[in-house]
Amino acid sequence: DVQLQASGGGLVQAGGSLRLSCTAPGYSFEYYAIGWFRQAPGKEREGVACMSVHDGISVYADAVKGRFTISNNIAKNTVYLQMNSLKPEDTAVYYCAAGPVTSSYYSDPWNEYDYWGQGTQVTVSS
C-alpha cells in the first residue's frame, strides 16, 4: 500500500499562510491523482484541491479558489497545498489522498482516492 505522509499544519492568524506537503516514500506520484481534503469538527469531509500529477490538471473547491494552490515537485515526489489568506473557517484536519488517475478524474475528481494520509491540523485564529 502507498503510505502517505502529510505535514505542514499549524496555528496561524487569519490572513496568514501555510504550506502543506504530501509525500509517499518509495512511490512515484507521476500517474496518480493527489487530493487534499479537510474535515472540520462536526462536519463532513470535503474536497479542497486535487491534481492529476502527470498532466497538471487541477480542480479546486469554490471555497478556496484564488486562495489555495496545489502544486507538485516530481523530483521530490511531493505535492504541496499553498494556503494563503487563511480564514477561521479553513480550520480543519487536512488529509492528502492518492489514487491511480483514471479517465473518470476529469469528470469527477473527488472520488479517485485509494490511499489516505494521517492528517495534519490547521487552525486559523480570528
Side-chain angles (χ1 to χ4, degrees):
D1 286 353
V2 178
Q3 301 292 322
L4 296 171
Q5 297 177 357
S7 61
L11 173 65
V12 65
Q13 289 188 331
S17 298
L18 284 173
R19 188 178 76 162
L20 306 183
S21 299
C22 178
T23 189
Y27 288 89
S28 171
F29 283 160
E30 186 171 4
Y31 293 102
Y32 276 73
I34 306 297
W36 285 99
F37 295 77
R38 66 187 182 187
Q39 188 166 21
K43 294 188 176 182
E44 292 187 355
R45 186 177 65 198
E46 62 178 352
V48 175
C50 56
M51 169 184 280
S52 168
V53 173
H54 78 281
D55 59 14
I57 301 296
S58 303
V59 179
Y60 295 90
D62 288 345
V64 307
K65 282 180 181 176
R67 300 188 298 122
F68 290 11
T69 303
I70 189 169
S71 63
N72 76 85
N73 184 325
I74 291 179
K76 294 185 177 180
N77 202 43
T78 302
V79 173
Y80 303 99
L81 184 67
Q82 178 67 43
M83 306 186 295
N84 298 329
S85 302
L86 282 161
K87 304 175 181 180
E89 52 263 45
D90 295 318
T91 295
V93 177
Y94 283 69
Y95 300 89
C96 67
V101 69
T102 67
S103 58
S104 63
Y105 170 85
Y106 301 97
S107 57
D108 183 9
W110 304 113
N111 290 296
E112 291 285 290
Y113 308 97
D114 301 314
Y115 310 105
W116 293 81
Q118 79 286 6
T120 184
Q121 176 71 47
V122 171
T123 303
V124 185
S125 63
S126 57

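Note: hydrogens, waters and symmetry copies are ignored here, and every other heavy atom, side chains too, is used. Computed from a predicted model, the values in this text were never measured in an experiment.
Annotation for A40 and A92: closest pair N-CB, 3.8 Å, computed over non-hydrogen atoms. Annotation for G35 and C50: closest pair CA-CB, 3.8 Å, computed over non-hydrogen atoms. Between S52 and Y106, the shortest heavy-atom contact is OG-OH, 3.5 Å.
Here the side chain of S21 pairs no donor or acceptor atom with the backbone of R19 at under 3.5 angstrom. Side-chain atoms of T91 come within 3.5 Å of backbone N or O of V124 as a donor-acceptor pair. A donor-acceptor pair is defined here as one N or O able to donate and one able to accept, closer than 3.5 Å; no such pair exists between the side chain of T78 and the backbone of T23. Q118 places no side-chain N or O within 3.5 Å of a backbone atom of Q5 that could act as its donor or acceptor partner. In this structure, Y80 contributes its side chain and T69 its backbone to no donor-acceptor pair below 3.5 Å.
In this structure, F37 has its ring center under 6.0 Å from that of Y113.
By the side chain to side chain contact (heavy atoms under 4.5 Å, CB included) test, T102 is found to be paired with S104, E112, residues two or more places apart in sequence or in another chain being considered.
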Assess whether side-chain hydrogen bond (donor to acceptor under 3.5 Å, both in side chains) is satisfied between Q121 and T123, documenting all intermediate values. CA-CA 6 Å; Q121 176 71 47; T123 303; 3.3 Å; yes
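Distance CG/N77 to OH/Y32: 10.0 Å, rounded to 0.5 Å. Here the OH-CZ distance, from Y95 to R45, works out to 8.0 Å after rounding to the nearest 0.5 Å. Between atom CG of residue N72 and atom NE2 of residue H54 there is a gap of 11.5 Å, rounded to the nearest 0.5 Å. Put simply, CH2 on W36 and CD1 on I70 are 8.0 Å apart, with the number rounded to the nearest 0.5 Å.
Residues I34 and W116 fall into different hydrophobic clusters, defined by Ile, Leu, Val, Met, Phe, Trp and Tyr side chains chained together at heavy-atom separations under 4.5 Å. Taken together through direct or relayed side-chain contacts under 4.5 Å among Ile, Leu, Val, Met, Phe, Trp and Tyr, M51 and V101 form parts of separate hydrophobic clusters. In the hydrophobic clustering of ILVMFWY residues, with side-chain heavy atoms under 4.5 Å counting as a link, L18 and Y60 come out together. Linking ILVMFWY side-chain heavy atoms closer than 4.5 Å, directly or via other members, places V122 and L11 in two distinct hydrophobic clusters.
Put simply, the residue from D55, I57, N111 that forms a side chain to side chain contact (heavy atoms under 4.5 Å, CB included) with Y105 is I57. Screening L20, L81, V64, V93 against R38 for a side chain to side chain contact (heavy atoms under 4.5 Å, CB included) leaves a single residue, V64.
Between Y27 and L4, the closest side-chain pair of non-hydrogen atoms is not below 4.5 Å. When side chains are defined from C-beta on, L86 counts as touching F68, because their heavy atoms get closer than 4.5 Å. Proximity of S7 to T120: side-chain heavy atoms (C-beta onward) are nowhere separated by under 4.5 Å.
Look at D90 and K87 and you find no salt bridge, because none of the NZ, NE, NH1 or NH2 atoms lies under 4.0 Å from a carboxylate O.
Judged as a disulfide bond (SG atoms under 2.5 Å apart), the pairs with a partner in residues 83-125 (not counting sequence neighbours) are, in order, C22-C96.
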